[in-house]
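Report on one structure; see the data block that follows.
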Protein chains: 2
Amino acid sequence: MTGRAAAGAGPRPKTPLLPGEIRRPALPAGRDRRAGEIIAAARRILESEGPEALTMRRVAGELGIQAPSLYKHFPGKAAVEAELIVSAMTEIGEMTHRAIHRPRPYSRLMALLRTYRQYGLANAALYRLATQGSLARDLLPPGLEEWAGNPWSVVTGDQALVQALWSFAHGMVILEIDGRYPPGSDLNLTWRAGGAAFERHAALE
Amino acid sequence: MTGRAAAGAGPRPKTPLLPGEIRRPALPAGRDRRAGEIIAAARRILESEGPEALTMRRVAGELGIQAPSLYKHFPGKAAVEAELIVSAMTEIGEMTHRAIHRPRPYSRLMALLRTYRQYGLANAALYRLATQGSLARDLLPPGLEEWAGNPWSVVTGDQALVQALWSFAHGMVILEIDGRYPPGSDLNLTWRAGGAAFERHAALE
DNA sequence: CCTCTATGGCTAACATCGTTAGCTCAAGTA
DNA sequence: TACTTGAGCTAACGATGTTAGCCATAGAGG
């Protein structure tokens with residue numbers, strides 16, 4: 001429900017790139033209108049009723065049609081899910097790129113972490129879908145994955161530290177979504193502690 | 001296939017506890033023999049053929065019986081999976097407790113990370129099962145989860161840092177299992193970098 | 001204006017999944 | 001000997017993803 005960020009209105013003025021930042025790859029043209037309605041319905045269902053409710057019959061029902069008709073627009077459920085994953089990665093990429101440009105009261109690294117967490121929690125089911133299990137990279141627009149992960153590189157010089165930081169962030173988000181922390185944990189504190197550890201370490205190169 | 005660690009032979013001599021360490025809770029007595037065979041078969045299938053192969057019919061077939069017969073021993077598939085999760089948590093707990101006792105060439109924190117990673121990779125499908133999605137805590141022996149997570153507390157004083165460290169480790173393992181890192185990444189380096197960041201931060205309290 | 005074709009619906013059906021109901025048969029046990 | 005219990009069986013149900021094949025409608029070409 002937080003999403004919808006991708007539907008930009010016209011070519012906005014290109015802000016200058018930060019050192020190491022890359023520009024978003026051109027996304028392939030959108031599919032036909034009905035396909036768009038299908039993934040919108042799928043997303044609505046996923047987020048409001050959870051992953052087990054995301055069935056082809058349920059999605060079709062949302063549009064007032066029968067399940068087999070969906071196959072006129074998508075080759076299978078996996079393709080619908082792939083499209084959802086593309087949405088998620090696009091939105092995360094946009095939000096995190098924006099975050100490192102305008103970190104405001106925080107350091108860039110902390111702003112990135114906060115934004116990432118916020119997106120994950122606000123789109124929990126979608127985040128989980130996009131993030132767990134092995135990724136069907138062949139169904140993704142080329143360059144998207146790299147671009148979405150780019151802010152992490154911008155914020156931290158070293159490749160190893162980039163991956164470590166992202167792993168930390170992902171672990172935090174997914175464990176929080178799944179309710180794995182002991183009840184009553186102050187996760188704000190945990191984010192701060194982890195962020196501080198990486199920040200300090202990055203400063204010492 | 002690495003597992004099998006839980007089947008201890010006799011009460012081994014109790015090693016003294018580290019500061020902050022807790023003793024393993026008494027596990028409820030094992031179920032009947034057939035139930036044991038069922039979860040053993042389930043584990044074999046899970047690890048050798050992946051999660052989608054773990055069906056009730058497949059498990060039953062492995063034992064030469066029909067699927068509905070499984071329900072004489074378990075109330076449902078969720079119960080079988082819960083038992084697998086208990087195995088995983090028990091084994092992880094044992095290995096990590098051992099690791100912080102005998103870190104040998106590493107610091108305790110690094111030894112813990114190495115052991116955790118090693119278990120996760122050696123039992124990838126099981127680790128995923130035990131770790132993703134929301135946990136049915138009511139099907140777990142009381143105290144098990146806390147005991148399994150205890151080594152992380154022993155190694156790091158601060159509660160927030162404990163959770164941050166564990167999140168990092170889990171993120172690393174699950175992303176490595178799912179093949180999410182760019183191909184060719186040197187993950188040994190990443191583990192070292194993250195571990196160093198936390199170690200340094202912990203040292204400065 | 002007629003025809004032809006592509007689009008996007010539809011129903012029927014299949015295999016697989018978890019699961020339930022109800023039967024049977026052997027092994028103890030009173 | 002009769003009765004209960006344990007542990008298997010078959011048949012079946014409902015849900016899932018998916019395929020096959022039919023039909024109507026809209027637009028293009030003659």
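First the proteins, then the strands, lettered A, B, ... as listed; each starts at 1. All values reported here derive from a predicted model rather than from experimental measurement.
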Any non-hydrogen side-chain atom of B:S107 less than 4.5 Å from a side-chain atom of B:E199? yes
Is there a salt bridge (charged side-chain N to carboxylate O under 4.0 Å, His left out) between A:K77 and A:E83? Walk through the geometry before answering. CA-CA 10 Å; A:K77 191 186 184 186; A:E83 207 86 355; over 6 Å; no
- Item | Aromatic ring pairing B:H97/B:W147, orientation class (parallel under 30°, perpendicular over 60°, tilted between) | parallel
Query raised in the report: Please walk me through it: do B:E49 and B:R58 pass salt bridge (charged side-chain N to carboxylate O under 4.0 Å, His left out)?
Result: CA-CA 11 Å; B:E49 302 172 40; B:R58 181 80 185 70; 2.5 Å; yes
message = Is it true that A:N188 and A:R117 share a donor-acceptor pair across their side chains at a distance under 3.5 Å?
response = yes
**Request:** Apply ring-ring contact (aromatic ring centres under 6.0 Å, His included) to the pair A:Y116 and A:F168, showing each step before the final yes or no.
**Result:** CA-CA 11 Å; A:Y116 192 77; A:F168 161 70; over 10 Å; no
Scoring nucleotides 8-18 of chain D by protein non-hydrogen atoms under 4.0 Å (B base, S sugar-phosphate only, - none) yields BBBBB---BBB
Between CG of B:L70 and P of D:dA7 the distance, given in whole Å, is 13 Å
Whole-Å distance, B:R33 CZ to D:dG6 P, equals 16 Å
When rounded to the nearest 0.5 Å, the distance separating CH2 of A:W152 from OG1 of A:T96 is 7.5 Å
All heavy atoms of A:Y181 vs all of A:S185, minimum pair found to be CB-OG, 3.9 Å
Note: contacts of residues 129-138 of chain B with DNA chain C (heavy atom, under 4.0 Å) are none
